[in-house]
Each structure stands twice: as C-alpha cells, then as structure tokens.
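Notes follow the structure.
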2 protein chains.
Amino acid sequence: MVGVNQRKNSGATAAPVRAKRAGATGPASERRDHLVKLAAELFARKGFQATTVREIADEAGILSGSLYHHFDSKETIVDEVLRTFLEDLIARYRAALADAADARAALSQLVSIGFHTLEPHRAAITVMQNDWNYLRSLPGDRFDYLVRAEDEVERMWMEQIRRGQASGQFRADVDPKLTYRMIRDGIWVAVRWFRPGGRLDTDALADHYIRVLFDGLATGDRTTQPA
Amino acid sequence: MVGVNQRKNSGATAAPVRAKRAGATGPASERRDHLVKLAAELFARKGFQATTVREIADEAGILSGSLYHHFDSKETIVDEVLRTFLEDLIARYRAALADAADARAALSQLVSIGFHTLEPHRAAITVMQNDWNYLRSLPGDRFDYLVRAEDEVERMWMEQIRRGQASGQFRADVDPKLTYRMIRDGIWVAVRWFRPGGRLDTDALADHYIRVLFDGLATGDRTTQPA
DNA sequence: GTCTATACAAAGATAGAC
DNA sequence: GTCTATCTTTGTATAGAC
C-alpha cells in the first residue's frame, strides 16, 4: 500500500502556472494592483458573484465604467488575484524543498509556508476555497490552471510524505494521499477564522499544527481503544 | 493555559436550532422535500448565487414560477437545506455524548459522526462552507442560527477536549480551541473531495483520521527537530 | 484615467388562468 | 400544482466626451 517513490527533483517542472494577466487592457501599474487588492477583499467577504463591479468601483472611489479601462471583465480581476497567490506559493514551496535535509524537515517547512501565506494572501485563499467550484464550472478553459496548480502542489507534498515513510520517519500504515489532503485542508481552512492581529500569530499556528500532526493528541494513557 | 472545565451536561441546551420552514408557503410534503434536495445539489455544484430559480425548476421539470407555490423565495430553500443538516448533526452529537465512556471515546465518536454525515449531507455541507460568508452577509437576522449552531457544536467539542486533558488522556500542552478547529475543519473540508462510491468509505476515512489525530504521523525516529 | 449615459441580458418574483 | 406572461431590479459591459 505504501508506494516507495522518492526522487530528487523536488521542483517538478510539469504544468507551470504562468501567462499572467490574460485579460489585461492596460499596462501593469500600481493603480491596477491596488484595484485588484480592493476587489480581492470584497470577493473574500461576500463571494465572487455577490460582489458587483459597482461595489469594487465604489470601494476605489470611481465609477463602474472606469474599471473597464483597467480590466476587460470581472473574471479577469479574480483571475489575477488567484494567479498571484499560486505563483508565490509554488515558488516558496520550491525554494523550501531545495534546502530541506529530510522528509520531516521538508514537511515542517511546507506546513510553515502554508500558514505564513495566510496573512499576505488571506483574501485570495478565501476566494480560492469559496469560489473554486463556481470558477471551475464556468465555460471555457480559463481557470484550468487552478487544477494544474493543485496537481503540482499535490505532487510536491506526496513526494515528501512517501519519502518519510520510506526512510522510516513517518509511519507507513497511513495512506499518503489521505494524509496529504488532511494536512492541506487543515492549513487552508484556517483562513476562515484566522485574523492577523489575533491571539495566535502564524508562527504559533504552524508550530501547534506540526506538533499535533507529528506526535498526536493522545498521551500514553489509553483507557479506551480507538472506535 | 489549559482550562479545566468539565461538566456532565454534554447536551448543552442554550440556543437550539429550531423553527423549521420559516418561509414556507405550502404544507410540508414529499414533493417539497424533493425540490429542496434537487436545489441543494445545484447549490453545492455551482454555488447558491450562481444557481438560478430557473435552473432549479428545470431540474425538477417545472417552470420557475411554479417554484413559488412551494417556497416564497430562493433563500427559503437554502435555509431549509442548512437547517435540516444542522438539526440532524446536533441530534447525533448529543446522542453520542450521552453514551461516551470517556473523552477519548467521545472524541472518536464525534469524529466518526462527522465523517458519516458526509454521505447523507454532502450537498448541505458544501453549501455551508462555500456560501457561509455570503449568507451571513445578507441583511436581517435570518441566518443568525448558523452562528448559534456553530457555537453549540464548538461547546460540545471543547468540553470533551478539556475533559481529556484534565483526565490525562490528551496532552495538556496543546491549545484546546485551536485543536478543536483543526479537527473540525479537517473533517468538513473532506466534502471537497469525498465521493460516495470512491476508494475510501466513510468508516475508513474516520478511522484514518482518528489514528493520525491521536497518535501522530511520526515514528520514534527523530532525525530532525520540529522547525 | 475617469465620467456620463445607456445598451443588453439575466435574475427574482408576481398574477391569474387552467 | 403547474403554466403563461410579465414586471422590476440588478448587473455586466460599452461608447464617447472630458
């Protein structure tokens, strides 16, 4: 059941997430980036669909028609929000995996990176989770890169989990894919309740998560058997 | 940091989720329930907003106007979807906690129930996660019960986690609230990829989750220290 | 780069006949 | 319980002036 499949090319090259700003009408600019940021916050708060171009324009202090000087559609805006996040995430993952001494160190790094992206990319991650199904359901292949990026990320995680199982650092009696999903989900969903200035900072979060993940919640005291 | 706070009233009585079918126009009926089910699937696939009343009617083989014989608005439909799920969930939780011998057994039960609701309530759980922010952002207090239900569920889990820490079954050096969120999120998010006829059934899922949660991913071999 | 004005489509909801 | 027909609102997007 446990696949032994470790190779050294941590930075897998298949299916990169590129071709930024597919539907741009104007050149790259700070103004434009600012608008994207404003829109991202609204998308995160109310959902992509529920956010109207009028609201985005309002937030920026301009009229809705003026938005179309910068973007050719509302989809283009959310596209840019998600692309920016995914590119940054994958770049960080690659860099971390290049340095990691072993599987445990690698996994710790990946978890840590995940929690640390929560703060700078909170809005994008929220949109990604809430509107994934909808964006994927749109006609055309515009958002196919979401799946490509997801696959690439999965490959990186799975490699480390399998590596750890093969080397004996991780228990071999857990399903690698299931474990990957469990970890991934547990990190990203934190965006629902994580607030930058709150009780826990991202370091504390990552630390807690890694601790429970690696060593478990139980003590030696097993009064009952697992159900 | 670790609060010691166990009491025996597992079935906390504050803020129940009741008052079913708030915006009903007709009497309860199988026909009506069927329409709710169809709508729930569409809401889950495309999102609440992106699903039009025309699509729901199409799916049922009637015209959109006819829907308003059964429901007075689209919101009423999603309301019923979510209420049904939450009532069932909380009832199951209460029943399980009434029997549980100790904290570890209780937590196992709660986890197990979570995964077992995935199959019958897949659509509702998906809607709950994806459209939570939007529904909460609507004017009025119509969806306030979502938060009340969330609070009640949190109380049940936290009680068991704290009980386990006090009794020595769970390690005392983890934050109870953070742990609760970690577990809760990890379970519900599984609706994203869980498919009823797939490789793993809900039993296998629950079992895997409980194993990793209680005992951790690591073996004794600590080549590296946690980051 | 923004505004005014407006086209055009889609969506939620209603009234009354059958 | 469903259909036909329609109202009203809202939302994306465009054209051209400033």
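Note on naming: letters A, B, ... go to the chains in the order of the sequence lines (proteins, then strands), and numbering restarts at 1 for each one.
Computed from coordinates, the His69(A) NE2 to dG1(C) P distance equals 4 Å when rounded to whole Å. To the nearest angstrom, P of dT4(C) lies 15 Å from CG of Leu67(A). For the pair Glu55(B) CD and dA11(C) P, the interatomic distance rounds to 7 Å; values are reported in whole Å. The nearest whole Å value for the distance from the CD1 atom in Ile56(B) to the C1' atom in dT2(D) is 17 Å.
By the salt bridge (Lys or Arg N to Asp or Glu O under 4.0 Å) test, Asp88(A) pairs with Arg92(A), sequence neighbours left out. Evaluation of the ring pair (Phe, Tyr, Trp, His ring centres under 6.0 Å) rule for His208(B) yields no partner, not counting sequence neighbours.
Of the possible donor and acceptor atoms, one in the side chain of Glu55(A) sits under 3.5 Å from a partner among the backbone N and O of Thr52(A). Using a distance-only test at 3.5 Å, with no hydrogens or angles considered, a donor-acceptor pair links the side chain of Tyr209(B) to the main chain of Ile183(B). No donor-acceptor pair under 3.5 Å is formed between the side chain of Ser64(B) and the backbone N or O of Val53(B).
Of all heavy-atom pairs spanning Thr126(B) and Ala44(B), the tightest one is CG2-O, 3.6 Å.
Within residues 36-52 of chain B, the residues having any heavy atom under 4.0 Å from DNA chain C are, by residue number, Thr51(B), Thr52(B).
Residues Gln49(B) and Tyr134(B) bring a donor and an acceptor atom of their side chains to less than 3.5 Å of each other.
In this structure, CZ in Phe85(B) is found 4.5 Å from CG in Leu89(B), a value given to the nearest 0.5 Å. Thr179(B) contributes atom OG1, which lies 8.5 Å from atom CZ of Arg211(A) (distance to the nearest 0.5 angstrom).
Bending across the helix from dG1(C)-dC18(D) to dC18(C)-dG1(D), expressed as the angle between its end axes from five pairs apiece, amounts to 10° (10° rounding).
Each of Lys74(A), Lys37(A), Arg32(A) was compared with Glu80(A) under the salt bridge (Lys or Arg N to Asp or Glu O under 4.0 Å) criterion, and only Arg32(A) meets it.
Counting non-hydrogen atoms under 4.0 angstrom, Leu63(A) reaches a base of the nucleic acid.
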Show every donor-acceptor pair shorter than 3.5 Å between a side-chain atom in residues 184-194 of chain A and any protein atom, with sequence neighbours excluded, or say none if there are none.
residue   : atom : partner   : partner atom : Å
Asp185(A) : OD2  : Trp193(B) : NE1          : 3.1
Arg192(A) : NH1  : Gln129(B) : OE1          : 3.0
Arg192(A) : NH2  : Gln129(B) : OE1          : 3.0
Trp193(A) : NE1  : Asp185(B) : OD2          : 3.1

Produce a footprint string for nucleotides 13-18 of chain D: one letter per nucleotide, 5' end first; B if the base is under 4.0 Å from any protein heavy atom, S if only the sugar-phosphate is, - if neither. BB----
